[in-house]
Novice: 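What follows is a structure written as structure tokens; I'll ask about it next.
Labels below follow one simple rule: chain letters A, B, ... track the order of the sequence lines, proteins then strands, and each chain is numbered from 1. FYI, side chains are in, hydrogens and waters are out, and symmetry mates aren't considered; it's all heavy atoms of this structure.
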Protein chains: 2
Amino acid sequence: MQQQNTPTFGIGTLAQRAGCQVQTVRYYEKIGLLPDATRNAGNQRRYHDATLRRLTFIRHARDFGFSVEAVRELLGMADHPDMPCDHADAIARRHLEEVEARLERLGALRDELQRMVAQCAGGRVDECRIVEVLSDHDQCLHTAAHGGQRAIR
Amino acid sequence: MQQQNTPTFGIGTLAQRAGCQVQTVRYYEKIGLLPDATRNAGNQRRYHDATLRRLTFIRHARDFGFSVEAVRELLGMADHPDMPCDHADAIARRHLEEVEARLERLGALRDELQRMVAQCAGGRVDECRIVEVLSDHDQCLHTAAHGGQRAIR
DNA sequence: ATTGAACCTATAGTGGCTTTAGGTCCTATG
DNA sequence: CATAGGACCTAAAGCCACTATAGGTTCAAT
């Protein structure tokens, strides 16, 4: 290991270089995405570039919308370059499918909202199309599976 | 009030008719979206149709993706039919804008994921396009505003 | 009288952080 | 060398909108 020789830096610098917050770094350490940092004499965390690369990987994966658990698996794979990448592929494909499903529901929601907003004439509440649609039993969204899982994401 | 004369029913029936869970009803009561229910001799909640209508309104608004706070405002307006509906309109328009913004980011994310997945040849991890994209500093998403708010929704 | 479903309250857990409170350490200046 | 103030430390609570769990009470049918 030549890590002993590389320059080290504090958590603030690390966070800034990775484009995230200091508390987030500590959080990732706590949940085990980042290894327990070495400390200086005053108990402050010291990092080298290897950790910056790992944190950058994490942030990229999170930017792509992968869950922390998926990131954990992807990191595990990145740590073993000689293994086959089927599983990374499967994780990415599944995530893509989820994103596509969300896109579809969100698109339908946009259409409904557009219709709703377009029909509001701007008068009194009791003539308001928005309040009316929300009140009406039979004006259900086809996107909303009643009794299934809720919340469009 | 003819509420004294209308038949009443329990929380299970209410939840079932509104298509939500019993705990959710109690939660809405606790946060003040639903009024404190009247109780029978054995301390169990008794409801009439007015509450069912209110709960249905809430569930519809939530299905449309309005936040609980937005629902609270919309309910307040629905309670005053003689007031102008500008504010309901504004809330709906703003929500529509947010949905459109999310759609855009999610669409860009789908494109990136599709590219990523398409380029994975299925070999070893160190040749894997997925791991590579996540590792690479310069392969940033244009959708991800580093330093801004995170998480694509 | 008994059974079992439906109800009750209070509390904790979800995800992925962010915020707060109350302290300690480091570094630059006087 | 003292001091100021910024960066760092931990632990715990807060966010959203519920959902789940534990441990008890009430209701309706037999």
Novice: What is the separation between atom CD1 on B:I11 and atom P on D:dC27, rounded to the nearest whole Å?
Specialist: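 Taking atom P of D:dC27 as the reference, CD1 of B:I11 is at 15 Å.
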
Novice: Can you tell me the distance, in whole Å, between the CZ atom of A:R39 and the P atom of C:dC26?
Specialist: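 One finds 12 Å between P of C:dC26 and CZ of A:R39, rounded.
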
Novice: If the cut-off is 4.0 Å, is B:R46 near the phosphate of C:dC8, judged by side-chain N/O to OP1 or OP2?
Specialist: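 False: B:R46 side-chain N/O out of range (4.0 Å or more) of C:dC8 OP1/OP2.
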
Novice: Please check if the side chain of B:R72 supplies one atom and the backbone of B:I31 the other of a donor-acceptor pair under 3.5 Å.
Specialist: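 Yes, because the side chain of B:R72 sits within donor-acceptor range (under 3.5 Å) of the backbone of B:I31.
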
Novice: Of the non-hydrogen atoms in A:R39 and A:N43, which two are nearest, and what is the gap between them?
Specialist: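 A:R39 and A:N43 have their closest heavy atoms at NH1-O, 2.8 Å.
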
Novice: Choosing from C:dT18, C:dC8, D:dC8, which nucleotide comes nearest the side chain of A:V22?
Specialist: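 In terms of side-chain proximity for A:V22, the closest of C:dT18, C:dC8, D:dC8 is D:dC8.
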
Novice: Which is more 5' along DNA chain D, the nucleotide nearest B:G42 or the one nearest B:V68? Just name the residue.
Specialist: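 Whichever sits nearer the 5' end wins; that is B:V68.
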
Novice: Could you tell me whether the side chain of B:R54 and the main chain of B:L33 form a donor-acceptor pair under 3.5 Å?
Specialist: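 Yes.
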
Novice: Would you say C:dG15 has OP1 or OP2 under 4.0 Å from some side-chain N or O of A:S67?
Specialist: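 For C:dG15, OP1/OP2 do not have a side-chain N/O of A:S67 under 4.0 Å.
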
Novice: Are the side chain of B:H95 and the backbone of B:F64 linked by a donor-acceptor contact shorter than 3.5 Å?
Specialist: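 Yes.
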
Novice: C:dG16, C:dC8, C:dT19: which one has an atom nearest the side-chain heavy atoms of B:N43?
Specialist: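 The listed nucleotide nearest to B:N43's side chain is C:dC8.
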
Novice: Could you tell me whether A:I31 contacts a base, only the sugar-phosphate backbone, or nothing, with contacts defined as non-hydrogen atoms closer than 4.0 Å?
Specialist: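 Nothing: the residue A:I31, judged by heavy atoms under 4.0 Å, touches no strand.
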
Novice: Tell me yes or no: between the side chains of A:R59 and A:Y28, is some donor less than 3.5 Å from an acceptor?
Specialist: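 Distance-only check passes for A:R59 and A:Y28.
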
Novice: Is the distance from OP1 or OP2 of D:dC8 to the nearest side-chain N or O of A:N40 less than 4.0 Å?
Specialist: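 Result: no.
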
Novice: Check every atom of D:dC27, D:dT10, D:dT19 against the side chain of A:R45 and return the nucleotide holding the closest atom.
Specialist: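 Given the options D:dC27, D:dT10, D:dT19, the side chain of A:R45 is closest to D:dT10.
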
Novice: For B:F9 and C:dA5, give me the distance from atom CZ to atom C1', rounded to whole Å.
Specialist: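 Computing the B:F9:CZ to C:dA5:C1' distance gives 20 Å.
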
Novice: Counting just side-chain N and O atoms, does B:T24 come under 4.0 Å of either OP1 or OP2 of D:dA17?
Specialist: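 For D:dA17, OP1/OP2 do not have a side-chain N/O of B:T24 under 4.0 Å.
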
Novice: Just to be sure I understand the rule, does B:Y28 reach a base, reach only the sugar-phosphate, or reach nothing, if contact means heavy atoms closer than 4.0 Å?
Specialist: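 Sugar-phosphate contact only.
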
Novice: Tell me: CD of A:E69 to P of C:dT14, nearest whole Å?
Specialist: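 Computing the A:E69:CD to C:dT14:P distance gives 11 Å.
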
Novice: Check the distance between C:dG15's P and A:L33's CG and give it to me in whole angstrom.
Specialist: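 Those two atoms, CG and P, are 13 Å apart.
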
Novice: What nucleotide, of C:dT18, D:dT26, D:dC9, holds the atom closest to the side chain of B:Q44?
Specialist: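 Comparing C:dT18, D:dT26, D:dC9 against the side chain of B:Q44, the answer is D:dT26.
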
Novice: Just how far is it from atom CE of A:M116 to atom CG of A:L134, taken to the nearest 0.5 Å?
Specialist: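 It is 4.0 Å, given to the nearest 0.5 Å.
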
Novice: Kindly point out which of D:dC9, C:dG16, D:dT19 is positioned nearest to the side chain of A:Y27?
Specialist: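 In terms of side-chain proximity for A:Y27, the closest of D:dC9, C:dG16, D:dT19 is C:dG16.
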
Novice: Rounded off to whole Å, could you give me the OH-to-P distance for the B:Y47 and C:dC7 pair?
Specialist: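 It works out to 10 Å between those atoms.
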
Novice: Between P on D:dC18 and CD on B:E29, what's the gap in Å once rounded to a whole number?
Specialist: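 Result: 15 Å.
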
Novice: Side chain of B:R26 only, heavy atoms from C-beta on: which candidate in D:dC18, D:dC8, C:dC7 is closest?
Specialist: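 Closest nucleotide to the B:R26 side chain: C:dC7.
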
Novice: Rounded to the Å, how far apart are A:Q21 CD and D:dC8 C1'?
Specialist: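 That distance rounds to 15 Å.
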
